[in-house]
J.: 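Structure in structure tokens, see below.
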Protein chains: 2
Amino acid sequence: MEQPSEFQSLLEESSRSAWQLYVPHISVDCVVFGFHEASLKVLLLKMKDQELWGLPGGYMKIEEELREAAVRILEERTGAHNIFLQQFGVFSDLNRSEGFFQDFPDTLWMKQRFISVGFYALVDYTKVQPQADNLSSTCAWQDINRLPELMMDHRQIFDEALLTLRRQLNYKPIGYNLLPEEFTMPELQKLYELILGKKLNRGNFYRKMVGYDILEKLDEPRKSGGAYKAPNLYKFHVERYQTALQNGFKEGW
Amino acid sequence: MEQPSEFQSLLEESSRSAWQLYVPHISVDCVVFGFHEASLKVLLLKMKDQELWGLPGGYMKIEEELREAAVRILEERTGAHNIFLQQFGVFSDLNRSEGFFQDFPDTLWMKQRFISVGFYALVDYTKVQPQADNLSSTCAWQDINRLPELMMDHRQIFDEALLTLRRQLNYKPIGYNLLPEEFTMPELQKLYELILGKKLNRGNFYRKMVGYDILEKLDEPRKSGGAYKAPNLYKFHVERYQTALQNGFKEGW
DNA sequence: ACAAAAGTGTTTGTAGTACACCCATGG
DNA sequence: CCATGGGTGTACTACAAACACTTTTGT
């Protein structure tokens with residue numbers, strides 16, 4: 001008999017309390033988007049003793065609702081509060097975790113069949129302190145265009161999240177949640193371009209954003225240590241932002 | 001001690017086999033839309049011994065995926081095959097079934113906490129034979145504008161389904177699944193108006209539909225037993241329909 | 001001078017909305 | 001003739017897309 005790996009010992013330890021704490025068969029996976037240095041990032045965990053990365057996830061406590069579980073998981077992983085969360089799909093393939101757990105004992109909590117509910121989250125990169133959990137060695141931001149290989153069906157979950165984010169760009173408070181309090185117009189445009197995966201015309205974008213009447217221009221431009229003209233700073237006018245979102249920026253028919 | 005009601009006996013009977021057959025804590029609820037006599041209908045079940053109605057639903061078998069479970073449930077309730085199914089949300093409130101089952105014994109399968117995944121379905125009214133299940137006395141179509149009181153959170157589930165249907169009207173094969181093989185332009189327009197809850201301009205609707213290039217006009221008009229001019233019959237050109245849907249009829253940005 | 005940012009103008013094309021007109025046809 | 005259905009014309013509006021010009025500002 002081989003020695004169980006350290007990873008397996010950890011799984012077994014978490015497993016013991018899990019049976020009491022959580023509702024079986026149901027899990028939550030979160031796709032956390034952040035925006036930094038002109039690129040769109042996702043928060044990933046590198047599993048201990050494994051080359052694979054995974055999405056932050058967890059289980060639903062007996063007395064919890066799904067969304068509460070997602071909030072709790074995200075607060076543990078990011079330290080941030082008031083995170084924008086949106087459910088986007090359920091993943092129930094029979095064999096979705098088969099490959100990953102096949103070498104581990106059947107009594108593990110994690111080896112049950114799980115139906116996973118996907119949430120995507122939008123966070124202010126500057127407010128997040130990525131924290132690994134007890135099964136992972138690292139928690140880090142990764143560029144969405146250069147993702148490492150992901151465990152189980154997490155790649156599919158990520159793709160679905162990004163697709164949903166794209167579709168909801170016109171209707172949901174997306175800039176508001178991904179940008180710091182104060183930001184510049186080029187930053188906002190870059191963010192939109194990254195989400196949509198294509199260039200947008202600057203002049204048109206400017207007019208459109210100003211036209212929505214949800215931005216407040218601040219008096220002072222960014223005190224740039226860099227070169228060239230300092231860009232104007234903006235912040236969202238929260239109240240008008242909320243009401244604009246009620247109607248949606250636009251809809252069909 | 002009171003006698004257990006007939007309804008309770010039935011619950012207890014179903015309960016016994018359920019523990020072996022199904023994955024606990026996970027259920028499926030279906031909002032089945034049909035179109036008939038110029039109104040939009042939903043398939044509902046009237047619970048035995050109860051005044052309340054409920055959505056057709058069920059549980060996921062051990063070796064089943066969620067969608068397969070929904071398909072099975074719908075085939076049992078409607079007799080129809082190849083039903084268009086779309087997942088639209090997860091309902092996980094802690095107390096979502098509390099009120100309904102409070103007078104029944106705690107050992108009942110149904111009294112567990114369930115996380116319910118909502119699917120909406122679009123069916124050809126003429127192909128459906130509503131079938132009650134063993135807990136319900138009636139399975140019947142109800143006008144969406146005159147729904148009876150629904151059990152648990154089924155009203156909320158229905159509302160969410162209708163909202164999703166409305167939003168997806170431009171992107172998904174909605175007319176195709178709700179109408180019989182052959183239909184007239186006024187019928188198609190009426191369907192759209194019912195889903196959207198508002199009148200549409202006839203001329204514009206006609207041009208738009210013809211412009212999508214997914215309809216085939218048939219040689220013969222409807223041999224109307226009624227009065228006035230016989231309307232033209234159309235059917236969907238399945239192939240062009242599918243490709244048009246790939247792209248979506250329209251998108252933002 | 002240069003490069004980035006800001007603001008505005010113009011043109012073209014497409015799509016939705018509203019209204020109106022004419023024809024066809026079955027009773 | 002009338003009510004319904006079919007098909008088209010047209011004008012107004014909104015918006016997107018592409019492009020261009022100007023001005024401001026920090027190094």
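The chains referred to below are lettered A, B, ... by the order of the sequence lines, with proteins before strands, and numbering in each begins at 1.
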J.: Listed by chain and number, what are the salt bridge (Lys or Arg N to Asp or Glu O under 4.0 Å) partners of B:E193, not counting sequence neighbours?
T.: B:K199
J.: Can you list everything that forms a side chain to side chain contact (heavy atoms under 4.5 Å, CB included) with B:E76? Sequence neighbours excluded, please.
T.: B:R72
J.: To the nearest angstrom, how far is A:K208 atom NZ from D:dA14 atom C1'?
T.: 12 Å
J.: C:dT8 P sits how many Å from A:N201 CG, rounded?
T.: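 It works out to 15 Å between those atoms.
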J.: Take nucleotides 4-10 of chain D nucleotide by nucleotide from the 5' end and write B, S or -, depending on whether a protein heavy atom sits under 4.0 Å from the base, only from the sugar-phosphate, or from neither.
T.: BBBBBBB
J.: From CE of A:M209 over to C1' of D:dA16, roughly how many Å is that when rounded to an integer?
T.: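 Rounding to the nearest Å, CE of A:M209 and C1' of D:dA16 are 13 Å apart.
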J.: Would you mind reading off the distance between A:F205 atom CZ and C:dA6 atom P, rounded to a whole angstrom?
T.: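 Distance check: A:F205 CZ to C:dA6 P gives 12 Å.
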J.: The criterion is salt bridge (Lys or Arg N to Asp or Glu O under 4.0 Å); which residues satisfy it with A:R240, sequence neighbours excluded?
T.: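 A:R240 satisfies salt bridge (Lys or Arg N to Asp or Glu O under 4.0 Å) with A:D213 once adjacent residues are dropped.
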J.: Which whole-number value in Å describes the distance from A:K199 NZ to D:dA18 C1'?
T.: 15 Å
J.: What integer distance in Å separates A:Q189:CD from D:dA17:P?
T.: 12 Å
J.: Return the set of residues passing salt bridge (Lys or Arg N to Asp or Glu O under 4.0 Å) with A:R96 (not counting sequence neighbours), or none when no residue passes.
T.: A:D29, A:D153
J.: In whole angstroms, how far is the C1' atom of C:dA24 from the CD atom of B:E220?
T.: 16 Å
J.: For B:K127, which residues count as a side chain to side chain contact (heavy atoms under 4.5 Å, CB included) partner, sequence neighbours excluded?
T.: B:D124
J.: Would you mind checking if B:K235 and B:E216 are paired as a salt bridge, meaning a charged N to carboxylate O distance below 4.0 Å?
T.: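 Not counted as a salt bridge, because no side-chain N and carboxylate O are separated by less than 4.0 Å.
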J.: A:L215 CG to C:dA5 P: how many Å, rounded?
T.: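 Distance check: A:L215 CG to C:dA5 P gives 17 Å.
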